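Written below as C-alpha cells is the structure these notes are about.
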Amino acid sequence: MKAKFSEDIVPISDFKVNPGKLVKHVQELHRPIVVTSRGRGVAVLQDLHDYESNVEERDFMKAVVKGIVDLEEGRELSFIDVKKRLKIVE
C-alpha cells in the first residue's frame with residue numbers, strides 16, 4: 001500500500017471535479033490518495049476496508065508493545081489469577 005507520488009497526489013480541484021474516479025482508484029489499487037490545496041497535503045482518501053485494517057493492526061501492535069512493557073516492568077498475572085479476574089470457573 002505504498003503511495004506512487006506520480007499517481008496518488010491530487011489537487012483538491014481535481015477531487016472536486018471527479019470524486020468518483022478517485023474513490024474507484026483507491027478501492028481498486030488499495031493505495032491512499034493525498035489531496036492537496038495550494039501544494040500542501042490537506043486530506044487523505046483511503047478505501048474504508050484498508051483504513052479499518054490499518055486501525056486494527058495499529059491497535060493490536062499497541063497492545064503487544066504494552067504487554068511487553070508490562071512484562072519487563074513485572075506487571076504480570078498467573079493464569080489462575082486471570083481466570084479469577086475474568087470469573088472463569090472450571
Side-chain angles (χ1 to χ4, degrees):
M1 190 169 77
K2 190 173 181 178
K4 288 189 177 181
F5 294 109
S6 62
E7 298 174 24
D8 301 336
I9 296 180
V10 176
I12 198 164
S13 57
D14 290 359
F15 179 75
K16 289 177 184 178
V17 170
N18 200 346
K21 178 182 174 186
L22 298 177
V23 169
K24 185 177 178 183
H25 177 86
V26 297
Q27 289 175 329
E28 289 177 352
L29 299 179
H30 298 281
R31 292 193 323 250
I33 289 178
V34 176
V35 180
T36 63
S37 178
R38 298 183 179 157
R40 294 182 160 219
V42 294
V44 175
L45 180 64
Q46 184 177 21
D47 177 69
L48 181 58
H49 177 74
D50 293 342
Y51 173 78
E52 290 172 339
S53 294
N54 288 341
V55 169
E56 189 175 297
E57 183 177 327
R58 184 183 65 233
D59 290 347
F60 174 78
M61 292 306 297
K62 283 182 180 180
V64 168
V65 170
K66 184 182 180 306
I68 291 169
V69 169
D70 285 346
L71 284 172
E72 288 178 351
E73 294 181 0
R75 294 186 301 258
E76 57 188 84
L77 297 172
S78 70
F79 186 62
I80 293 169
D81 291 337
V82 171
K83 286 173 36 177
K84 285 179 186 176
R85 276 193 177 188
L86 297 176
K87 299 177 182 168
I88 298 173
V89 183
E90 290 184 16

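Bear in mind the structure is a predicted one, so any value in this text is a computation, not a measurement. Quick note: numbers below take in every heavy atom, side chains included, and nothing from hydrogens, waters or symmetry partners.
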Donor-acceptor contacts under 3.5 Å from residues 36-45 side chains, at least two apart:
none

Treating Ile, Leu, Val, Met, Phe, Trp and Tyr as nodes and any side-chain heavy-atom pair under 4.5 angstrom as an edge, say whether Ile88 and Val82 lie in one connected cluster. yes
For the student: nearest non-hydrogen atoms of Arg31 and Val26, plus distance: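 In terms of heavy atoms, the two residues are closest at O-CG1, 3.3 Å.
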Which heavy-atom pair separates Phe15 from Val10 by the least distance, and what is that distance?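 Residues Phe15 and Val10, closest heavy atoms: N-CG1, 4.1 Å.
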Distance-only donor-acceptor hits, side chain of residues 58-71, under 3.5 Å, sequence neighbours excluded:
residue: Lys66; atom: NZ; partner: Asp70; partner atom: OD2; Å: 3.1
residue: Asp70; atom: OD1; partner: Arg75; partner atom: NE; Å: 2.9
residue: Asp70; atom: OD1; partner: Arg75; partner atom: NH2; Å: 2.6

Nearest 0.5 Å, please: how far is CD1 in Ile9 from CG in Asp14?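 Here the rounded value is 12.5 Å.
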Side chain to side chain donor-acceptor pair (under 3.5 Å) with Ser78: which residues, sequence neighbours excluded? Asp81
What side chain to side chain donor-acceptor pair (under 3.5 Å) pairs are there with at least one residue in residues 18-29, not counting sequence neighbours? Asp8-His25
